[in-house]
Structures are given as structure tokens and as C-alpha cells.
Engineer: 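Sharing a structure, written as C-alpha cells. Questions coming.
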2 protein chains.
Amino acid sequence: MNGHNNTEQAILEAAESLFFEKGYKLATTTAIAARAGVTHAMLHYYFRTKEQIFLKVLDKNMNELFDMMHTVMSPELTFSEILVEVVNLNYTFLAGHSQLPGLLFEIAGTCPEMLTRYKERFREMLDVELRRHRDRFEREVKAGTISPIDPFQLVFMIVSMNLSTYLALPVMRNVFGMDEDRITAFIEERRGEIMRTLSARLFGNDFSERQTEKK
Amino acid sequence: MNGHNNTEQAILEAAESLFFEKGYKLATTTAIAARAGVTHAMLHYYFRTKEQIFLKVLDKNMNELFDMMHTVMSPELTFSEILVEVVNLNYTFLAGHSQLPGLLFEIAGTCPEMLTRYKERFREMLDVELRRHRDRFEREVKAGTISPIDPFQLVFMIVSMNLSTYLALPVMRNVFGMDEDRITAFIEERRGEIMRTLSARLFGNDFSERQTEKK
DNA sequence: TTATTGTTTAACAGCATTGTTAAATCATTG
DNA sequence: CAATGATTTAACAATGCTGTTAAACAATAA
């Protein structure tokens with residue numbers, strides 16, 4: 001009655017984990033039902049279709065994604081703070097949603113209609129929120145405190161660097177045979193390397209050096 | 001008789017394009033047969049199973065991939081040349097194999113056994129070929145001509161930056177609604193940005209500037 | 001108790017998938 | 001031409017998938 005139905009919740013959780021593991025098309029309703037410990041008819045009773053379940057799961061994750069992005073884009077942050085925030089928060093978010101990017105890539109490639117409902121929010125993100133920082137950004141470029149760079153390229157660079165780390169994990173595990181300890185180490189080394197690279201690109205030096213210089 | 005059987009070739013070509021479009025699991029033998037213009041029984045006659053067809057297609061592409069990597073790793077090239085070569089050649093290769101990375105990610109995640117046969121070659125690539133450059137690389141670091149960086153991190157950075165460009169295309173097209181002209185422009189802008197970023201990380205400045213300085 | 005409502009089960013329909021097989025067709029060679 | 005082998009077809013088997021439905025079950029309220 002209260003929307004926290006046991007079965008419904010079990011189905012949603014099973015669905016989420018399976019969608020993350022197998023992708024949208026390959027996660028079967030039968031398998032979801034089995035993992036949730038109910039007959040597969042139940043999940044048609046509660047959600048009607050597989051697509052409905054997926055949209056519920058997707059929506060939850062997309063809201064978390066947009067929340068994270070809004071935090072990062074917060075107008076209170078200075079540009080330099082944003083840089084650190086973006087990398088760290090985005091990285092932390094990915095640690096808890098390491099399978100989301102892969103799923104989104106699948107959807108974007110095979111059934112982009114399911115992402116249509118988020119197009120407007122994406123656009124707003126880039127057009128409105130990013131533009132809000134653009135002036136300050138370009139002032140810094142003019143003043144010579146950061147190297148010239150197209151803001152869109154910068155955003156793309158940051159996001160793609162972070163994503164790459166997590167997208168590569170299955171390859172690291174299954175092709176290069178890394179164990180979980182090595183994986184953890186890799187993720188941290190990579191975070192440092194991303195910071196150093198971005199810092200070199202924008203400030204022409206190592207960011208940690210820059211931090212200490214400042215005092 | 002000569003291995004250039006018409007039907008066989010048609011099936012292989014249809015299979016390759018469909019595997020690239022839909023991925024391994026979602027490309028059905030029936031659809032492959034339809035695209036090749038033969039009945040689906042034909043492709044069992046020629047290849048026995050779907051997996052066999054896939055392995056044929058995969059093998060062809062992996063050989064091209066390793067050829068490219070060997071060229072890049074060629075011992076005749078100096079480290080600075082390699083940097084330019086790696087980015088450009090790797091980028092060119094991706095232009096002609098833009099769907100291969102996605103397919104490999106799927107396989108690495110869902111049925112890594114199919115990649116086992118290439119593990120040895122990957123390992124040799126990293127252990128032998130990369131090591132061959134390591135000494136020279138570390139001399140340059142010691143001499144201060146390039147910034148200190150872990151060779152593996154560098155390779156990962158280069159490859160992941162290039163891959164990101166192509167992996168993002170479906171998102172750019174279907175979510176951000178870029179048309180093909182915009183896509184082409186994006187790919188070129190991105191190549192420039194990758195060069196500038198790597199150059200800043202390694203040499204502390206813009207690579208094109210460095211090129212002109214040198215004369 | 002009985003009626004009502006919400007939940008669960010089991011069986012089924014319809015379809016798509018991979019792979020098989022027996023027979024038909026085609027090409028080549030003696 | 002005839003016969004041998006390679007190729008192609010059409011029909012079929014077996015399985016798994018999504019989604020439906022009628023009936024069983026449980027909880028609750030009259």
C-alpha cells in the first residue's frame with residue numbers, strides 16, 4: 001500500500017543489478033524474477049513490461065547523476081575548486097555507479113528513445129549551467145592564469161578520463177588478469193594521473209606543486 | 001575451392017557489419033543471413049556455429065589491431081616520434097574501426113574466454129615491446145626532457161583518450177543530436193586537444209609550439 | 001462467515017532464436 | 001551423358017524469451 005512493497009522492491013533491486021551486469025537487452029525478465037525470488041509473472045503484474053522496469057531503474061540512476069552534476073556545477077565554487085571537485089566527485093560517483101556508463105552507452109547506441117526524456121536536462125546542463133561559468137573561465141584565460149581551452153573540450157576531457165578508468169575495469173580484470181587489489185591501486189594511481197594531466201594542461205605544472213606554491 | 005567463395009565472403013561481411021552494429025549477443029544468425037542474402041542454414045553449413053563466424057571476424061580485426069600496435073612500437077622511432085605516431089596512427093586506425101572498441105568491451109565483460117587467445121600477444125606487447133622503450137624513456141625523464149610519468153599510465157592515457165572520442169560518438173549523435181558534419185569537426189578538435197594535453201603533461205607546453213621552437 | 005480486494009501461481013500462447021537434416025539443385029569431371 | 005561431390009533450400013526440432021490469463025490464495029472489512 002505504501003509503495004514499499006516487498007516484492008516490488010526485490011524486483012527493482014534484482015533488475016538493477018542484472019541490467020548493470022548484462023545490459024538492457026541481455027537481462028531477461030525471467031532471470032530478474034529468479035534473482036528476486038519470485039515467478040516471472042509477478043514482474044509483469046507489478047511493472048507490466050520489461051521496459052517499464054528498466055525506465056524505473058534508469059530514472060533512479062539518472063537522478064543521482066544529475067544531482068552529482070548539479071553539485072559540481074554549483075555557482076558558489078570558483079573555477080579551480082570546480083576542477084578539483086569535478087574530478088573527485090565525479091570519480092567518487094563512478095565508484096558507486098561503475099556499471100552505469102556502460103549501460104548508458106548501450107542505450108545511446110541501440111535505443112536512444114529511452115534517453116529522450118533526459119535530453120532537455122542534459123542540454124540545460126551544458127547551455128545554462130556551463131555558460132554560467134564561461135565568463136569567469138574566459139577571464140581567467142585572458143588573464144593568463146589558465147591556458148586557453150574550449151570549455152566543451154575541457155568538460156569532455158574530464159568526463160572521458162574519469163569514465164575510461166571504470167570502463168576499462170572489465171578489460172583489466174578479464175584480459176590483463178588484474179586481481180581486486182591491483183584494480184583498487186590502479187584506480188587510485190589513475191586518479192592522480194588525471195589530476196596531474198589536467199593540471200599540466202590548464203596551469204602548465206603539477207597541481208600539487210601549485211597547491212604548495214600558493215601558501 | 002580457393003577460399004574466396006562468394007557466399008562465404010558475403011556471410012563474413014554481413015556478420016562483421018552486424019556484429020559491429022549490434023554486438024555479439026544481439027547480432028542474430030538469421031539477421032546475418034538475411035543481410036548476406038542467403039538462407040540462415042547456409043551460415044551453419046559454412047561456419048557450423050555463430051561463435052565460429054564471430055571468431056573469424058574477431059581474428060581479422062585483432063590482427064589489424066596488433067599490426068597497428070607493432071608499427072607504433074617500432075624500435076626505429078624515437079620516443080617523441082612515437083608520441084605523435086601513437087596518437088595519429090591509433091586515431092586513424094580507430095577512424096576505420098570505430099565500432100571495434102565497443103565490441104571488445106562487450107566481449108571482455110560478458111565472455112572473456114573468447115579473448116584468451118590474444119592474452120599472450122597483449123602481454124608480449126606490454127612486457128616486451130613496451131619494455132624495449134623503457135630505458136630510453138627513463139633516460140629522458142632523468143635528463144629532464146620529459147616529466148616523470150609511469151609508462152603504463154602514459155599508454156593507458158593515450159589509448160583511453162583516443163578511444164573515448166569514438167566511444168562517445170553514439171552519445172554525441174543520439175543524445176546531443178550532432179549531425180555528421182559536427183561529428184567530423186568534433187573528432188578533429190578532439191585530436192588537437194589530445195595532442196595539446198599530452199604535450200602539456202610530458203613537455204610542459206603546447207606541442208605545436210615546441211615543434212616550431214625546435215627549428 | 002462472506003465478500004472484496006490485492007497478490008501469487010501455474011499453465012499457456014506466440015514468437016524468435018540456434019542449429020539440424022533430408023532432399024533438391026548445381027557444377028565438375030570422367 | 002552420368003555420376004560424384006559441393007552447395008542450397010525448406011522444413012523442422014528444441015529452447016528461451018516476453019507477456020497473458022484463469023484460477024488459487026491471503027488479508028481484510030462488512
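The structure displayed is predicted, hence computed values, not measured ones.
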Engineer: So A:Tyr46, base contact, sugar-phosphate only, or nothing? Heavy-atom distance under 4.0 Å.
Structural biologist: sugar-phosphate
Engineer: When you get a sec, tell me which of D:dT7, C:dT18, D:dG19 is the closest nucleotide to the side chain of A:Thr49?
Structural biologist: D:dG19
Engineer: Distance check needed: C:dT18 P versus B:His40 NE2, whole Å only.
Structural biologist: 8 Å
Engineer: What is the separation between atom NZ on B:Lys50 and atom P on C:dT20, rounded to the nearest whole Å?
Structural biologist: 15 Å
Engineer: Does OP1 or OP2 of C:dT17 have a side-chain N or O of B:Thr28 closer than 4.0 Å?
Structural biologist: yes
Engineer: Within less than 4.0 Å of OP1 or OP2 of D:dG16, is there a side-chain N or O belonging to A:Thr30?
Structural biologist: no
Engineer: Please report, rounded to the nearest Å, how far the C1' atom of D:dT8 is from the CG atom of B:Leu43.
Structural biologist: 13 Å
Engineer: Measure the distance from CG on B:Asn6 to C1' on C:dC26 and round it to the nearest whole Å.
Structural biologist: 15 Å
Engineer: Identify whether the distance between the nearest side-chain nitrogen and carboxylate oxygen of A:Lys56 and A:Glu8 falls below 4.0 Å.
Structural biologist: no
Engineer: Once you round it to whole Å, what is the distance between C1' of D:dT8 and CD of B:Glu8?
Structural biologist: 15 Å
Engineer: Nearest to the side chain of A:Thr29 - C:dT21, D:dT18, C:dT18?
Structural biologist: D:dT18
Engineer: Regarding B:Arg132 and B:Glu129, does a basic nitrogen lie under 4.0 Å from an acidic carboxylate oxygen?
Structural biologist: yes
Engineer: To the nearest Å, give me how far apart OH (A:Tyr45) and P (C:dT7) are.
Structural biologist: 4 Å
Engineer: Could you check whether B:Thr39 gets within reach of a base, just the sugar-phosphate, or nothing at all, counting any heavy atom under 4.0 Å?
Structural biologist: base
Engineer: Figure out the CZ/P separation between B:Phe47 and D:dT8, and round it to whole Å.
Structural biologist: 12 Å
Engineer: Between B:Phe137 and B:His133, does the ring centre distance come in under 6.0 Å?
Structural biologist: no
Engineer: Taking the six-membered ring for Trp, are A:Phe152 and A:Phe156 parallel (under 30°), tilted (30 to 60°) or perpendicular (over 60°)?
Structural biologist: tilted
Engineer: Please check the phosphate of D:dT8 (OP1 and OP2 only) for any side-chain N or O of B:Thr7 closer than 4.0 Å.
Structural biologist: yes
Engineer: Quick one: which of D:dT18, C:dT20, D:dT7 gets closest to the side chain of B:His44?
Structural biologist: C:dT20
Engineer: Under 4.0 Å between a Lys/Arg side-chain N and an Asp/Glu carboxylate O for A:Glu193 and A:Arg196?
Structural biologist: yes
Engineer: Round to a whole Å and report the spacing from CE of B:Met42 to C1' of C:dA24.
Structural biologist: 13 Å
